[in-house]
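Numbers for residues simply follow the sequence, beginning at 1.
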Amino acid sequence: MDKQVTAAVAAVAGTRATVRADGDRIGVVLDATGLSAPERDAMEAAVKMAAPGARVIVTAERQARALIAVASGKGGVGKSTLAANLAIGLARAGRRVGLVDADIYGPSQPRLMKVEGTRPDAIEKQLIPVATPHGVPILSMGQLVAPDQAIAWRGPMAAGALGQLVEGAWGAADTLILDLPPGTGDVQLTMIQKYRPAGAVIVSTPQDLALIDARRAIDLFAKAGIPIIGLVENMAGYACPHCGTVSDPFGRGGAEAAAAELNIPFLGRVPLDIAIRTASDAGEPPAARDDDRIFAPIAAQVAGWLQDR
Ligand SMILES: Nc1ncnc2c1ncn2[C@@H]1O[C@H](COP(=O)(O)OP(=O)(O)OP(=O)(O)O)[C@@H](O)[C@H]1O
């Protein structure tokens with residue numbers, strides 16, 4: 001296909017346009033979801049200019065897009081790591097996934113997804129998600145502010161910026177993973193109420209304290225009427241970097257027992273493994289590897305949940 005035409009169309013319509021061969025003509029499918037009639041007409045005209053003679057089809061159905069919140073009761077438990085790996089795992093399981101990094105206090109998805117330093121373009125103020133090498137486009141708070149700038153936003157500002165991310169030009173994505181800020185304060189509650197995720201995945205470490213925090217996170221979703229998809233126990237057991245043996249310095253089974261007690265599904269354990277940290281820091285989350293046996297089963301359960309709901 002004519003690469004120049006594809007590039008010219010992308011320049012005016014971003015990810016809203018899909019260019020394909022249509023017999024001996026070129027066909028462009030334009031997703032006008034969310035555009036006003038004048039905006040849609042203007043974009044259609046621009047695409048026709050960019051691809052003279054092409055058949056342009058404008059679609060505007062609302063995508064049935066499921067938003068999945070990844071949350072934790074406190075910071076540093078591996079919520080962002082899980083969100084990145086879950087997004088990649090779901091994409092590998094056949095879903096069209098986008099990743100929204102709403103962690104205003106420590107947006108780390110650009111690094112995890114290997115697009116550090118990128119900034120999203122915008123069309124008519126709508127942000128265009130940034131493609132990543134892992135097949136999961138992202139929009140991150142980290143792309144909207146300088147990396148070393150402390151983000152101490154008040155609730156309404158944070159919610160406004162998050163709106164721009166969630167309402168980006170996600171095109172055909174059927175699933176959005178939302179990496180929430182840690183904690184259970186007003187910022188989180190506002191976000192949950194405003195964007196009403198289809199379900200939530202809670203991340204906790206095995207320690208009692210983290211579990212108490214996790215219970216608070218579960219409570220927050222329960223209050224808002226959002227179903228809990230399940231609990232993931234991170235840093236569960238220590239994987240020896242030399243022999244691979246997993247030991248349990250913090251005990252074993254606490255999170256699983258807590259999940260049973262709270263009547264929510266237990267989605268699995270992720271060991272504390274230096275390889276997970278180094279791979280994630282290098283922008284190569286383990287879920288992107290064919291031999292991943294840790295995140296794939298967790299993603300499969302979330303995919304199953306999405307299918308059955
Ligand atoms: N299972 C694991 N094994 C080893 N290191 C891990 C594991 N999970 C997360 N980490 C590391 O722990 C650190 C914190 O993880 P991460 O940023 O995902 O946590 P978070 O809960 O999102 O934190 P924050 O509160 O800053 O948003 C990172 O350096 C990450 O690479």
Side-chain angles (χ1 to χ4, degrees), residues 1 3-20 26-51 54 56-68 83-84 87-88 90-91 95-104 107-147 158-179 195 283:
M1 202 190 314
K3 278 199 183 124
Q4 262 179 328
V5 172
T6 308
V9 170
V12 294
T15 53
R16 284 183 176 272
T18 311
V19 182
R20 57 178 174 228
I26 286 176
V28 181
V29 178
L30 190 60
D31 178 8
T33 304
L35 296 185
S36 66
E39 288 169 335
R40 185 191 59 209
D41 293 346
M43 190 175 284
E44 187 180 2
V47 167
K48 284 183 172 158
M49 293 260 286
V56 179
I57 299 161
V58 181
T59 62
E61 338 69 273
R62 260 239 159 273
Q63 289 284 344
R65 194 173 287 148
L67 192 59
I68 295 182
I88 294 170
L90 283 172
R95 297 198 67 96
R96 292 180 179 179
V97 186
L99 178 58
V100 174
D101 183 5
D103 190 343
I104 44 177
S108 49
Q109 295 300 349
R111 180 170 42 83
L112 285 162
M113 301 299 281
K114 223 180 183 140
V115 288
E116 212 166 11
T118 57
R119 285 195 172 266
D121 288 327
I123 293 182
E124 301 265 326
K125 292 192 185 150
Q126 191 183 29
L127 294 176
I128 300 166
V130 172
T132 71
H134 305 302
V136 174
I138 75 165
L139 282 175
S140 168
M141 287 289 190
Q143 293 167 323
L144 303 185
V145 293
L162 177 66
Q164 281 197 292
L165 306 186
V166 174
E167 287 152 26
W170 291 104
D174 55 34
T175 311
L176 281 191
I177 301 294
L178 180 64
D179 182 2
Y195 300 105

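Under the 3.5 Å distance criterion, the side-chain polar atoms of His134 are left unmatched by any main-chain donor or acceptor of Ala87. Put simply, the side chain of Tyr195 gets close to the backbone of Gly163: a donor and an acceptor are under 3.5 Å apart. Judged by distance alone, the side chain of Arg65 and the main-chain N or O of Ala173 form a donor-acceptor pair under 3.5 Å. Side chain of Asp174 to backbone of Arg96: a donor-acceptor contact under 3.5 angstrom is found. When atom types are taken as modelled, the side chain of Arg119 and the backbone of Gln143 share a donor-acceptor pair closer than 3.5 angstrom. Counting only distance, with no hydrogens or angles, the side chain of Trp170 and the backbone of Thr15 share no donor-acceptor pair below 3.5 Å.
Taking 4.0 Å as the cut-off between side-chain N and carboxylate O, Arg40 and Glu44 do not count as a salt-bridged pair.
For the pair Ala13 and Val47, the tightest heavy-atom approach, listed with the atom from each and the gap, is CB-CG2, 3.8 Å. Closest approach of Ala51 and Val5 over heavy atoms only: CB-CG1, 3.5 Å. The minimum heavy-atom distance between Met113 and Ala84, with the atom names listed, is SD-CB, 4.0 Å. Here the closest heavy-atom approach between residue Asp101 and residue Leu165 is recorded as O-CD1, 3.5 Å. When every heavy atom of Val115 is checked against every heavy atom of Pro133, the shortest pair comes out as CG1-CD, 4.3 Å. Looking at every heavy atom in both residues, Val12 comes nearest to Ala50 through CG2-CB, 4.1 Å.
In this structure, CE in Met43 is found 14.0 Å from NZ in Lys48, a value given to the nearest 0.5 Å. Interatomic distance, Arg95 CZ to Ile68 CD1, rounded to the nearest 0.5 Å: 7.0 Å. In this structure, CD on Glu116 lies 10.0 Å from OG on Ser108, to the nearest 0.5 angstrom. With rounding to the nearest 0.5 Å, the separation of CD in Glu167 from OG1 in Thr33 is 13.0 Å. Between Ile138 atom CD1 and Lys114 atom NZ the span is 13.5 Å, to the nearest 0.5 Å.
With contacts defined as side-chain heavy-atom distances shorter than 4.5 Å, the pair Val130/Ser140 does not qualify. Put simply, the side chain of Leu178 reaches to within 4.5 Å of the side chain of Leu162, judged on heavy atoms. Annotation: side chain of Leu144 is in contact with side chain of Leu127 (closest heavy-atom distance under 4.5 Å). Within the 4.5 Å cutoff, side-chain heavy atoms of Val29 are placed close to those of Arg20. Within the 4.5 Å cutoff, no side-chain heavy atoms of Thr132 are placed close to those of Gln109.
The side chain to side chain contact (heavy atoms under 4.5 Å, CB included) with Leu99 is formed by just one residue from the set Leu112, Leu139, Ile177; it is Ile177.
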_One pair to check against side-chain contact (heavy atoms from CB on, under 4.5 Å): Val28 and Thr18. What are the steps and the verdict?_
CA-CA 6 Å; Val28 181; Thr18 311; over 6 Å; no
